[in-house]
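Input: a single structure, listed below in structure tokens.
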Amino acid sequence: MKGHITKRSEGSWSVVVELARDPATGKRRQAWHTIKGNKKDAERYLRELLTSVDDGLYIKPQKVTLADWLTQWCTDYVPIQSTQRTADSYRSNINRHIIPALGKIGLSQLEPQHLQSYYAKALKSGRADGKGGLSPRSVIYHHRIIHKALNQAVKMGLLVRNVAALVEPPRAVKSTIHTLAASEIPKLLDALHETSFYVFYCVLLYCGLRRGEGLALRWRSIDLVNHKLEVTETAFKLDDGTYVVKEPKTPHSKRNVSIPPSLALLLLEYKANQKALKDELGVELQRDDFVFPQLDGRPVNPNAVSDAFHNAVARVGIKMRLHDLRHAHAILMLQAGIHPKIVSERLGHANIGITLDTYSHVLPGLQEAAALKFDALLDEGSANQEISPSVSKRLAKGEGVEREPPGARTQHNLIKSQVLYQLS
């Protein structure tokens, strides 16, 4: 097959490929495409078209816009492969951001530069309320949506290539985790004690649960005798207000978590009060009842617990999100010397690498603590052993030895004791 390019105007080219003659009439057939860019872009596109024709994969362009395809993709394909929550998220971002910016472009006319320009503009002024740009993480999410949608268009024969694969999305910026030291936990708990969801917040802090996992807890999932709870469900609200309680997204999120004794006592008292209230109403407390229910028996509204938490910590000048209770649990456990594998299992991470990557900012402190502990072990092991005169002289002079500041070990042990006390 043959083809050629013709310059239409500055930055615009016609790419023409010769197709097989019409089998019915024997007439010559050509396919004309318009592409924006320089001559090299047009030549590269011509080569792609000729390859697709030779391989029998050429598709005649259709008058379908990107908006048309994204809408169809959300209706026909996303619900089959994704959860309802993910489908709602895709639809919301497509309708609020992607279609207003790129929707009028023909699907087959979409070029890498269109996407690259969109990403740059979104970072600068992409917020729907007009108050600045989107975060790199949000733009990366848009890139993934577009990439998935165009991949499906290639599979369906609507496109020859996925132009999103040729575009570099912005680099992700790791968000800062706002958490507290062990000594600041009492101040936080005092603030949360004034809310209606104090026990719920304690479950998140002492067990490292996600918000939805805590809301979906049922009494049958909590063993107050053996101090364990089982995470088997998660609860959330869809964009249309529908309340959904379902299995966690990943198998690793389904897990057993040991409960600290102090939390078990708190839950025991909380359960007794809940049972007493139901007795007054003439209703029996059931094993399948949610631990943190609304009046109608459904789990508490996720927005209600988040708003109450935000208001409580703001009153005492603490800068934290609700999800940071989970981070605080992980960091305190790591600082207390708990093996990262155990912490990873308590959090429901897919592997220990996720845990170490998320909390890498506390690893330097753990390295120092490990060095001190190793030094202490050597001190204990060599206390009764005879040291050679040459080594004794070097140690006395401090040669090759970094001496520990006075009281450093005592201070380290004190901090560790505080952490363990908070987790007990």
Side-chain angles (χ1 to χ4, degrees), residues 83 85-86 137 140 172-182 184-185 188 200-218 221-223 226-236 246-264 267 291 302 320-374 412 415-424:
T83 65
R85 195 177 189 184
T86 300
R137 184 178 179 181
I140 291 171
V173 178
K174 195 169 184 178
S175 59
T176 303
I177 296 176
H178 300 287
T179 187
L180 301 178
E184 298 175 291
I185 295 298
L188 172 66
F200 172 76
Y201 298 141
C202 286
V203 169
L204 269 56
L205 175 62
Y206 281 70
C207 297
L209 269 60
R210 301 175 178 89
R211 180 182 69 174
E213 294 170 345
L215 293 175
L217 278 178
R218 302 176 191 265
S221 303
I222 299 180
D223 184 351
N226 297 307
H227 296 179
K228 293 183 181 294
L229 66 78
E230 186 179 11
V231 178
T232 59
E233 296 175 302
T234 185
F236 54 88
K246 61 185 288 294
E247 288 190 355
K249 191 173 183 178
T250 64
H252 299 90
S253 294
K254 298 179 69 174
R255 62 198 186 278
N256 291 313
V257 180
S258 295
I259 304 173
S262 57
L263 178 61
L267 283 168
V291 178
M320 281 186 75
R321 306 165 304 162
L322 178 60
H323 193 70
D324 289 329
L325 290 178
R326 173 174 163 87
H327 293 318
H329 175 80
I331 291 172
L332 288 173
M333 294 282 282
L334 291 170
Q335 290 175 339
I338 307 301
H339 195 286
K341 177 63 175 175
I342 303 300
V343 179
S344 178
E345 291 174 354
R346 288 179 68 85
L347 297 176
H349 285 165
N351 57 68
I352 191 174
I354 296 174
T355 309
L356 294 176
D357 182 60
T358 304
Y359 304 107
S360 58
H361 61 289
V362 303
L363 294 181
L366 297 180
Q367 290 278 7
E368 293 171 6
L372 289 172
K373 188 173 182 179
F374 181 78
H412 169 69
I415 294 174
K416 184 175 179 180
S417 298
Q418 290 175 341
V419 173
L420 292 174
Y421 173 77
Q422 292 298 333
L423 293 173
S424 65

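Start at 1 with the first residue, then count along the sequence. Just so it is clear, the structure is predicted and the values come from calculations on it, not from any experiment.
- When side chains are defined from C-beta on, Tyr359 counts as touching Ile331, because their heavy atoms get closer than 4.5 Å.
- The backbone N or O of Ala172 sits nowhere less than 3.5 Å from a side-chain atom of Arg137 that would complete a donor-acceptor pair.
- No donor-acceptor pair under 3.5 Å is formed between the side chain of Asn226 and the backbone N or O of Lys228.
- With sequence neighbours excluded, the residues satisfying side chain to side chain contact (heavy atoms under 4.5 Å, CB included) with Glu233 are Ala216, Arg218, Arg220, Val245.
- Remark: side-chain polar atoms of Arg326 are not paired, donor with acceptor, to backbone N or O of Leu209 under 3.5 angstrom.
- Under the 3.5 Å distance criterion, the side-chain polar atoms of Thr358 are matched with a main-chain donor or acceptor of Ile354.
- The backbone N or O of Ser258 lies less than 3.5 Å from no partner atom in the side chain of His227, so there is not a single donor-acceptor pair.
- Under the 4.5 Å side-chain criterion, counting only non-hydrogen atoms from C-beta, Phe236 is in contact with Lys246.
- When all heavy atoms of Tyr201 and Leu325 are compared, the closest pair comes out as O-CD1, 3.8 Å.
- Under the 4.5 Å side-chain criterion, counting only non-hydrogen atoms from C-beta, Arg210 is in contact with Ser253.
- Without hydrogens or angle criteria, His252 side chain to Gly348 main chain gives no donor-acceptor distance under 3.5 Å.
- The side-chain hydrogen bond (donor to acceptor under 3.5 Å, both in side chains) search around Arg321 returns Asp324, not counting sequence neighbours.
- Contact check for Leu205 versus Ile185: side-chain heavy atoms found under the 4.5 Å cut-off.
- Under the side chain to side chain contact (heavy atoms under 4.5 Å, CB included) test applied with Val291, the options Leu229, Leu215, Leu217 reduce to a single match, Leu217.
- For the pair Lys254 and Glu247, the salt-bridge criterion is met [side-chain N within less than 4.0 Å of a carboxylate O].
- Between Ser221 and Thr232 the shortest heavy-atom distance is OG-OG1, 4.2 Å.
- Under a 3.5 Å cut-off, the side chain of Arg346 and the backbone N or O of Ser344 do not form any donor-acceptor pair.
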